[in-house]
Structure formats: structure tokens, C-alpha cells
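One structure is given below, encoded as C-alpha cells.
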Protein chains: 2
Amino acid sequence: MTDINFKSPVSGEGVPSARPGDASSAASARWDIIELLFFAYRDFVGDADHVLEAFGFGRAHHRVVHFVCRYPGLKVADLLDVLRITKQSLGRVLKQLLDEGYIVQKAGDSDRRQRLLFATAKGEALVVKLAGLQTDRIERALCGLGADEAKAVSKFLRAMIDRDDPDKVLQTILQSDSAIAKDVT
Amino acid sequence: MTDINFKSPVSGEGVPSARPGDASSAASARWDIIELLFFAYRDFVGDADHVLEAFGFGRAHHRVVHFVCRYPGLKVADLLDVLRITKQSLGRVLKQLLDEGYIVQKAGDSDRRQRLLFATAKGEALVVKLAGLQTDRIERALCGLGADEAKAVSKFLRAMIDRDDPDKVLQTILQSDSAIAKDVT
DNA sequence: AAATTTATGTCAGTCATGTTGACATATCTG
DNA sequence: CAGATATGTCAACATGACTGACATAAATTT
């Protein structure tokens with residue numbers, strides 16, 4: 001086994017004095033943002049998890065019903081692009097949401113092979129409830145910030161997203177988002 | 001291809017009246033931030049996923065070796081607090097990382113039941129590599145922002161995190177983070 | 001010293017959610 | 001009509017969570 005090359009073992013409490021890669025390429029790594037993102041996202045999705053459990057659903061169901069609710073008429077193929085999962089994975093949760101009446105399908109007008117997806121009132125209620133919890137957290141976090149700072153957050157998140165293969169939903173989001181960004185700066 | 005209909009016509013059964021958030025309690029929901037967080041985090045963790053696949057590891061391994069590397073001497077119990085998983089789940093990935101020489105254990109001085117965890121040079125190399133990819137993305141996102149805006153991002157992420165039961169690692173992060181926020185980074 | 005608690009490890013089974021590959025069906029397009 | 005496309009589905013499998021039960025060593029309490 002390799003020897004321990006860091007500092008001496010911190011007695012009892014794990015104190016993070018030594019940073020990995022002190023002088024190497026990692027000297028400038030944004031450990032702070034990396035870890036803040038981990039904790040922030042963990043707690044962000046945690047809000048919804050408790051409610052979902054009471055419904056017998058998981059995060060997969062949340063993602064599906066959320067995007068269907070927000071972008072009514074989404075095709076199955078669009079949803080696959082957004083979620084980046086296989087149709088088999090989507091099929092399982094989508095079937096449950098259909099069976100339990102959170103989502104309905106409608107054949108496309110021009111192309112009747114397509115199944116356009118819509119949230120029912122029941123589905124919308126769930127989405128709104130979950131989004132409400134997450135919005136509460138976001139508002140709490142934003143209320144300590146000025147308007148310019150809030151815009152900075154939006155700009156940052158937008159810039160963190162890959163642009164090379166934007167699906168339809170993402171395109172829509174990024175468009176409206178850049179409109180906002182141009183208002184400020 | 002079908003486009004996304006925001007106010008889609010839905011005729012059938014239990015159909016959604018309109019987009020969520022028209023006039024109800026969801027009127028003020030931060031759909032923008034909710035969805036930006038989803039896409040940003042999806043692409044953020046995606047960076048590491050490709051590399052991990054080549055090592056035969058998953059995200060679980062990444063989280064473990066990352067925090068062990070960053071906070072040398074972390075106890076198993078600390079790690080359980082941070083990751084919020086059961087010891088059985090941790091045990092599986094930790095065993096692999098130990099067997100393959102990415103992490104070593106050392107009995108605690110004061111309490112020899114404790115297994116203090118340390119990343120080896122091999123483990124640190126992996127962590128630095130993965131953090132490098134994620135740092136690249138973060139720097140790309142931050143470089144379009146001013147110093148004040150970058151601080152706003154840090155403030156926002158910090159404020160998104162639950163404060164009621166901060167584990168040792170999180171305490172450290174939140175402390176240093178507020179220090180940074182006051183510095184001129 | 002003995003009993004109890006604590007920190008950790010491990011076995012066995014289950015569940016949720018992802019994967020690949022193959023194939024069926026309806027529908028559109030050339 | 002022939003082929004491509006959109007979707008659905010079956011079967012098998014991997015990962016990473018979970019619960020419950022139990023083992024061991026070391027610390028702590030009685």
C-alpha cells in the first residue's frame with residue numbers, strides 16, 4: 001500500500017488543512033464551487049424527495065412530470081433528449097404516471113405516430129407543489145442578494161450548461177434566459 | 001419536428017388548463033432557476049462521468065475519494081454524514097477504493113476503533129483530474145462575470161444549503177466560504 | 001472485571017433507476 | 001409498396017441506494 005503522504009492524521013476530527021495538489025495543476029481548482037454545488041444540489045432535490053415518497057414516486061417521476069407540465073405537448077423523443085435516458089427507462093416511469101392519471105397522451109395532428117404529453121390537473125398540482133418547495137429555498141437564497149447579484153446567478157448557471165447539442169427545451173430556456181441577461185448588463 | 005407549445009391545446013380528459021404558474025400559487029415559482037440548476041448540474045457531473053467510466057468507477061466512488069482527498073483523516077462516520085448514505089452503501093464503494101489503492105485507512109490515535117481515511121497519491125491524482133475538468137467548466141462560466149458577480153454565485157450556493165444539521169465537512173466549507181466572501185478573491 | 005455502548009465491517013435480500021439488445025406496431029415518406 | 005420513423009415492450013443486467021441482522025474490537029460505564 002502506498003504511504004500516506006498528506007499531513008499527519010488529524011486526531012478525531014477531520015480537519016481539512018492539507019489541500020490536494022498544493023503546487024500542481026490543481027492549485028487553482030475551484031474546490032469551493034465544486035463542493036458548494038454538491039451540497040446545494042443535494043439539499044435542493046432533497047426538498048422534493050420527501051413529498052415524492054408519500055406519493056410512491058421517485059426523482060425520475062418528478063423529472064418527467066415536471067418537464068411535461070412545463071412544456072405541454074412535449075413528445076416522447078423530446079423528453080428523452082432532455083432527460084438523457086433510454087426510452088426503456090423513461091417507459092417505466094411514464095407508464096406509471098399515465099396509469100395513475102398524472103399525465104395524458106394525445107396523438108400528434110400532423111404526425112399521428114407521435115404521442116404528445118400533457119400533465120393533468122392532478123399532475124400539475126404535484127408539480128406546483130414540488131416547485132413551490134424548491135422555489136421557497138431559491139427565494140430564501142436570493143433574498144440576501146441584490147438584483148444584480150441575482151442576475152449573476154442566472155448568468156452563471158446558464159454558462160455552466162453545454163451548448164453543443166441543445167435540445168428543444170434547453171433552447172427555449174437559454175433563449176429566455178439570455179433575454180434576461182441582456183436586460184441587465 | 002414538433003415545437004414546444006407553451007399554451008398547448010389540450011382537449012381530452014383531465015387536461016391541464018394552462019402552464020403551471022398562471023395565476024395560482026405557482027405564479028411566482030422560480031421555474032427558471034429550478035430548470036437551470038437541473039441542466040447545470042447534469043452537465044457538471046457529466047464531465048466526471050466519462051473519466052470515471054474508464055476507471056470502472058461510478059459517481060459514488062467519485063464522491064467518496066473526493067471528500068477523503070480533500071479532508072484527510074475523515075472518519076467513516078463523517079463520510080456517512082456528508083454523503084447521507086448508509087454504511088452498507090458506503091462499504092461497497094469504499095472497499096473497492098481501498099482494494100485498488102486509491103484510499104488507505106489508519107486507526108485513530110485516541111480511539112483505535114476509528115478508521116481515519118486518506119487518499120493515496122493514486123487517489124489524489126484521480127481527484128485532481130476530475131476536479132480539473134469541473135474547474136474548467138466553472139472557470140468558463142465565471143470568466144464572463146465580474147468579481148462581484150462571482151461572489152454573488154458563491155453567496156447564492158452557500159445560502160441554498162441547509163444549516164440545521166451541518167456535519168463537520170459542511171461546517172468547514174461554510175466557514176471558509178464566508179471568509180472568502182469577505183476576501184478579495 | 002463485567003456489562004454496555006460505540007465504530008466499524010459484513011451478509012442477505014430488496015428496490016429504484018439506469019443500461020443494452022431485440023422485436024412489434026402504427027404511421028409517415030419516397 | 002418499401003423503407004424509415006416514433007413509440008412501446010420484453011428480457012436481462014448493473015449500479016447504488018435501502019433495511020435488518022449480526023460480528024468484532026475497542027472504549028466506556030457500572
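None of these values were measured; they are calculated from a predicted model.
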Next on the checklist: Holding to ring pair (Phe, Tyr, Trp, His ring centres under 6.0 Å), I want the full list of residues that pass it with A:Tyr102, two or more places apart in sequence or in another chain.
Outcome noted: A:Phe57
Next on the checklist: Test of understanding: with side chain to side chain contact (heavy atoms under 4.5 Å, CB included), list the residues that count as partners of A:Lys95, not counting sequence neighbours.
Outcome noted: A:Asp99
Item to check | Nearest-Å distance for atom pair CG/C1', residues B:Leu80 and D:dC18 | outcome: 14 Å
Checklist entry - Which residue pairs satisfy the salt bridge (charged side-chain N to carboxylate O under 4.0 Å, His left out) criterion with at least one member in residues 50-64 of chain B, sequence neighbours excluded? => result B:Asp49-B:Arg59
Checklist entry - 5' to 3' on DNA chain C, which nucleotides open and close the contacts with chain B (atom under 4.0 Å from a heavy atom)? => result C:dT6 to C:dC11
Item to check | Those residues that, when tested against A:Ala141, pass side chain to side chain contact (heavy atoms under 4.5 Å, CB included) (two or more places apart) | outcome: B:Phe156, B:Ala159, B:Met160
Checklist entry - For B:His62 and D:dG16, what is the distance between atoms NE2 and C1' respectively, to the nearest whole Å? => result 16 Å
Next on the checklist: Once side chain to side chain contact (heavy atoms under 4.5 Å, CB included) is applied, do any residues pair with B:Asp136, and if so which ones, sequence neighbours excluded?
Outcome noted: B:Arg140
Item to check | Interface with DNA chain D, restricted to residues 85-96 of chain B and to heavy atoms under 4.0 Å | outcome: B:Ile85, B:Thr86, B:Gln88, B:Ser89, B:Arg92
Checklist entry - So do the side chains of A:Val65 and A:Arg70 get within less than 4.5 Å of each other, counting heavy atoms only? => result no
Checklist outcome for this item: A:Asp78 CG to D:dT5 P, in whole Å, measures 16 Å
Item to check | Non-neighbouring partners of A:Asp43 that pass salt bridge (Lys or Arg N to Asp or Glu O under 4.0 Å), sequence neighbours left out | outcome: B:Arg84
Checklist entry - Does the A:His50 side chain pair with the main chain of A:Gly46, one donor and one acceptor, at a distance under 3.5 Å? => result yes
Next on the checklist: Checking the side chain of B:Thr172 only, and the main-chain atoms of B:Lys168 only, is there a donor and an acceptor separated by less than 3.5 Å?
Outcome noted: yes
Next on the checklist: Please give me every residue in residues 48-60 of chain A whose heavy atoms get under 4.0 Å of an atom in DNA chain C, ordered by residue number.
Outcome noted: A:Gly58, A:Arg59, A:Ala60
Polar atoms only, N or O, under 3.5 Å: list the protein pairs with nucleotides 24-27 of chain D and their distances.
residue	atom	partner	partner atom	Å
D:dA27	OP1	B:Arg112	N	3.2

Next on the checklist: Please enumerate all residues that pass ring pair (Phe, Tyr, Trp, His ring centres under 6.0 Å) together with A:Phe38, with sequence neighbours excluded.
Outcome noted: B:Phe67
Item to check | Note, A:Gln105 side chain near A:Leu116 side chain (heavy atom, < 4.5 Å) | outcome: no
Next on the checklist: Could you work out, with salt bridge (Lys or Arg N to Asp or Glu O under 4.0 Å) as the rule, every residue matching B:Asp162, not counting sequence neighbours?
Outcome noted: A:Arg137
Checklist entry - Can you tell me if A:Glu149 uses its side chain to pair, donor with acceptor, with the backbone of A:Gly146 under 3.5 Å? => result yes
